[in-house]
Q: 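Supplied in structure tokens, the structure appears directly below.
Chain identifiers are assigned alphabetically (A, B, ...) following the order of the sequence lines, protein sequences preceding nucleic acid strands; residue numbering begins at 1 within each chain. Source: prediction; values computed, not measured.
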There are 2 protein chains.
Amino acid sequence: MSLRYGLLGLLAEGPASGYDLARRFEAVLGAVWPAQQPKIYAELNRLAAEGLIEIDSEGPRRRKAYRITDEGLAAVRGWLTSGEVDHTLRIQSVLRSAFFWLMEPDELRAHLERERAHFAREAEWYRQYAAAKDRGDFGDSPQTRSLRVAAEAGHRLYQALADWADWTLDTRE
Amino acid sequence: MSLRYGLLGLLAEGPASGYDLARRFEAVLGAVWPAQQPKIYAELNRLAAEGLIEIDSEGPRRRKAYRITDEGLAAVRGWLTSGEVDHTLRIQSVLRSAFFWLMEPDELRAHLERERAHFAREAEWYRQYAAAKDRGDFGDSPQTRSLRVAAEAGHRLYQALADWADWTLDTRE
DNA sequence: GCTTCACATGTACCTTGGTACATGTCCCTA
DNA sequence: TAGGGACATGTACCAAGGTACATGTGAAGC
């Protein structure tokens with residue numbers, strides 16, 4: 001259950017509405033965790049019912065602002081250092097790579113040429129993302145600084161796939 | 001829906017029972033995708049109902065052996081080259097890194113020392129996994145060879161996290 | 001004053017994965 | 001020959017994420 005901790009973590013920076021959180025989730029955590037707007041509203045209601053957040057104010061345009069409670073802060077802090085972490089990669093590109101042998105040589109060649117470009121693009125995207133974070137394009141929030149490592153991790157992962165595609169193409173020609 | 005393609009991909013190598021597939025899924029794809037035994041049986045029945053696999057034989061001990069059909073092969077091949085791939089990392093260690101700033105300096109220091117060891121262990125695990133694949137410890141099935149790239153990708157990802165933990169600890173002392 | 005559109009919050013339903021537990025089968029050994 | 005245990009297949013339910021669609025609110029432009 002990562003959505004809830006993502007929301008609590010963002011709220012730890014200061015009060016925000018569901019709508020704000022949806023945009024910030026996308027901008028700040030989009031590269032690491034996806035979140036659909038409807039699920040955000042649902043989760044906020046659940047968190048409020050459990051007392052981990054509370055309504056800070058009700059502004060104009062039906063706008064509610066949520067604030068994290070002490071219990072909420074304790075919950076997200078506990079999660080940060082809590083035990084067992086799943087080490088499976090769960091990345092579709094990686095899983096698919098296990099079955100490339102099913103393709104005919106010509107088909108594989110064509111596919112890998114596309115994939116090489118794709119992986120290189122992903123690697124570059126994460127590199128740019130890291131550079132933008134370094135420049136402070138997303139503001140200089142604490143998450144933004146912390147996520148620098150996520151960008152680097154993504155870059156290295158996709159670079160590994162791109163290198164492998166290169167290697168496979170080279171040894172086949 | 002990756003479980004189904006994982007199963008189809010494994011069955012592309014040859015007929016197998018649900019029990020076999022559960023063990024092979026764990027051994028071959030365990031580092032990339034998790035699969036619970038009950039879900040495997042459920043998915044096999046669904047695949048059979050859709051005609052993507054069929055029962056090859058019913059052996060002793062209630063043992064059923066499934067065989068992939070031409071439709072099944074076409075489905076998994078189509079999946080290999082099909083469009084949109086999600087580029088989010090969805091790795092808990094990475095998401096958590098966004099909120100480390102919530103910890104007190106002393107707490108962060110202690111946590112990062114544990115994490116550094118953990119990341120280094122993960123990186124090493126993937127390195128060993130790659131080495132074992134190179135030696136052919138898991139047999140020399142086509143997936144095993146293909147998954148060499150997954151091991152490398154996992155290694156690089158966790159190495160990035162370990163490097164970052166080192167860097168953070170160094171610049172703080 | 002009416003329309004339009006971006007802002008803002010939801011409801012409903014579906015798919016997928018996670019987990020606890022039940023059952024059947026057959027070999028091996030005391 | 002009785003029973004323990006590995007092999008083998010499921011049922012049932014729950015948790016979480018994905019997606020389509022409905023609704024309310026208010027400012028800006030005509």
Q: Send over the distance from K64(A) NZ to dT25(D) C1', rounded to a whole Å.
A: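 Roughly 14 Å, once rounded to whole Å.
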Q: Over how many whole Å does the gap from I55(B) atom CD1 to dT9(D) atom P extend?
A: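 One finds 10 Å between P of dT9(D) and CD1 of I55(B), rounded.
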Q: Below 4.0 angstrom, N of the basic side chain to O of the carboxylate: do D20(A) and K64(A) qualify?
A: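 No, no charged N to carboxylate O under 4.0 Å.
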Q: Below 4.0 angstrom, N of the basic side chain to O of the carboxylate: do R77(B) and D70(B) qualify?
A: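 No, R77(B) and D70(B) are not salt-bridged.
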Q: For the side chain of Q36(A), starting at C-beta, report the closest nucleotide among dG18(D), dG18(C), dT9(C).
A: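 Out of dG18(D), dG18(C), dT9(C), the nucleotide with an atom closest to Q36(A)'s side chain is dG18(D).
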Q: Tell me what R90(A) touches on the nucleic acid: a base, only sugar-phosphate, or nothing, going by heavy atoms under 4.0 Å.
A: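 Sugar-phosphate, no base atom in range.
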Q: Of the nucleotides dA8(C), dG17(C), dG18(D), which has the atom closest to the K39(B) side chain?
A: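 The answer is dG17(C), which lies nearest to the side chain.
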Q: Specify the separation, in whole Å, of atom CG of L3(A) and atom P of dA16(D).
A: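 Answer to the nearest Å: 10 Å.
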Q: Please state how far atom CD1 in I40(A) lies from atom C1' in dG17(D), giving the value in whole angstrom units.
A: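 Taking atom C1' of dG17(D) as the reference, CD1 of I40(A) is at 12 Å.
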Q: On DNA chain D, compare the nucleotides closest to D20(B) and P38(B); which residue's is nearer the 5' end?
A: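 Closest to the 5' end, via its nearest nucleotide, is D20(B).
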Q: Output the rounded distance in Å from CD (Q37(A)) to P (dA20(D)).
A: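 To the nearest whole Å, that distance equals 14 Å.
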Q: Calculate the interatomic distance between F25(B) atom CZ and dT9(D) atom P; express it in whole Å.
A: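 My rounded result for the distance is 16 Å.
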Q: For S2(B) versus L95(A), what's the shortest heavy-atom pair and its separation?
A: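 Looking at all heavy atoms of both residues, the shortest contact is CB-CD2, 3.6 Å.
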Q: Is a salt bridge present between R23(A) and E26(A), judged by a nitrogen-to-oxygen distance below 4.0 Å?
A: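 Result for this pair is no, no salt bridge flagged.
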Q: Base, sugar-phosphate or nothing for R46(B)? Non-hydrogen atoms, less than 4.0 Å.
A: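 No contact.
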Q: For Y41(A) and dG24(D), what is the distance between atoms OH and P respectively, to the nearest whole Å?
A: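 Taking atom P of dG24(D) as the reference, OH of Y41(A) is at 16 Å.
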Q: CZ of R63(A) versus P of dC7(C): gap in Å, rounded?
A: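 Between P of dC7(C) and CZ of R63(A): 11 Å.
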